[in-house]
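Shown next, in structure tokens, is the structure this report addresses.
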Amino acid sequence: VQLQASGGGLVQSGGSLRLSCAVSGFSLESYGVGWFRQASGKGREGISCISSADRISHYADSVKGRFTISRDIDMNTIYLQMNNLKPEDTAVYYCASSPHGCYLYGTTWYKNPATSWGQGTQLTVSS
């Protein structure tokens with residue numbers, strides 16, 4: 001299982017950016033895939049998750065209404081469209097996958113050895 005995140009950068013407050021995560025070694029139809037972020041000096045925060053087992057996508061309250069997760073099964077890629085960005089969104093963003101779906105992803109994935117992580121991509125939002 002491999003995940004490769006990309007698309008981070010420097011954006012002004014109120015701007016938009018889309019992160020991508022190319023995956024291999026598993027099917028997006030069988031795994032939950034999600035996005036996490038870690039700001040400097042803070043813990044890792046689960047912000048969004050999507051899986052075939054769920055009828056809805058999951059979002060943390062901090063990004064709900066501004067971020068949208070999606071996936072292209074044919075391209076083996078997941079995306080995170082981020083709109084109305086705020087300085088507090090500044091963090092390293094990670095994509096991850098789990099064979100256990102999105103259930104409690106924000107609190108269980110980071111301590112579950114079945115979770116696979118991509119390398120992070122830095123997002124900086126200037127005020």
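Heavy atoms only: backbone and side chains are in, while hydrogens, waters and symmetry mates are out.
Between Ile50 atom CD1 and Ser48 atom OG the span is 7.5 Å, to the nearest 0.5 Å. The OG atom of Ser51 sits 12.5 Å away from atom NE2 of His100, with the distance rounded to the nearest 0.5 Å. A distance of 12.5 Å separates CD in Glu45 from OG1 in Thr107, rounded to the nearest 0.5 Å. Tyr79 OH to Cys21 SG: the interatomic distance, rounded to the nearest 0.5 Å, is 10.5 Å. Note that CD of Gln119 and SG of Cys95 are 7.0 Å apart. Values are rounded to the nearest 0.5 Å. Gln2 contributes atom CD, which lies 12.5 Å from atom CG of Asn76 (distance to the nearest 0.5 angstrom).
For the side-chain contact (heavy atoms from CB on, under 4.5 Å) test with Ile47, the passing option among Ile69, Leu80, Asp61 is Leu80; the others fail. Under the side-chain contact (heavy atoms from CB on, under 4.5 Å) rule, Arg37 has a single partner from Thr90, Leu19, Val63, which is Val63.
Across all non-hydrogen atoms, the minimal contact from Pro99 to Ala114 is CD-O, 3.6 Å. Heavy-atom minimum distance, Gln81 versus Ser16: NE2-CB, 4.0 Å. Counting all heavy atoms, side chain and backbone alike, Leu85 lies closest to Arg66 at CA-NH1, 3.9 Å. Shortest non-hydrogen contact noted between Trp109 and Ala96 is CZ3-O, 3.6 Å.
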**OP:** Let me see the working for Tyr31 and Ser52 under side-chain contact (heavy atoms from CB on, under 4.5 Å), right down to the final yes or no.
**Re:** CA-CA 8 Å; Tyr31 276 50; Ser52 292; over 6 Å; no
**OP:** Go through the steps to decide whether Phe36 and Tyr94 satisfy the test ring pair (Phe, Tyr, Trp, His ring centres under 6.0 Å), and finish with yes or no.
**Re:** CA-CA 5 Å; Phe36 290 70; Tyr94 300 88; 8.5 Å; no
**OP:** Evaluate side-chain contact (heavy atoms from CB on, under 4.5 Å) for Gln38 paired with Tyr110, printing each intermediate quantity in order.
**Re:** CA-CA 12 Å; Gln38 188 164 16; Tyr110 74 94; over 6 Å; no
**OP:** Given side-chain contact (heavy atoms from CB on, under 4.5 Å), test Leu3 with Ser97 step by step and report yes or no.
**Re:** CA-CA 8 Å; Leu3 302 97; Ser97 68; 3.9 Å; yes
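Taking a 6.0 Å sphere around OH of Tyr103, one finds it holds 12 or fewer heavy atoms contributed by other residues, nucleotides or ligands. Crowding of Glu88 atom CD: a count of heavy atoms from other residues, nucleotides or ligands under 6.0 Å exceeding 12.
Both Val1 and Val33 are part of a single hydrophobic cluster, where members link through side-chain heavy atoms under 4.5 Å apart. Linking ILVMFWY side-chain heavy atoms closer than 4.5 Å, directly or via other members, places Tyr105 and Phe26 in two distinct hydrophobic clusters. Using a 4.5 Å cut-off between side-chain heavy atoms of Ile, Leu, Val, Met, Phe, Trp and Tyr, with links allowed through other members, Ile78 and Met75 fall into different hydrophobic clusters.
In this structure a side-chain-to-backbone donor-acceptor pair under 3.5 Å is present from Thr121 to Gly8. Under the 3.5 Å distance criterion, the side-chain polar atoms of Arg71 are matched with a main-chain donor or acceptor of Leu28. Side-chain atoms of Thr115 do not come within 3.5 Å of backbone N or O of Pro113 as any donor-acceptor pair. For Ser13 (side chain) and Ser127 (main-chain N/O), no donor-acceptor pair under 3.5 Å exists by modelled atom type.
Ionic pairing of Lys86 and Asp89 is not present here: no N-O contact between side-chain nitrogen and carboxylate oxygen is shorter than 4.0 angstrom.
Within the 4.5 Å cutoff, the side chain of Met82 has no heavy atoms near those of the Trp35 side chain.
Classified by interplanar angle (parallel below 30°, tilted 30° to 60°, perpendicular above 60°), the ring pair Tyr93/Phe67 is tilted.
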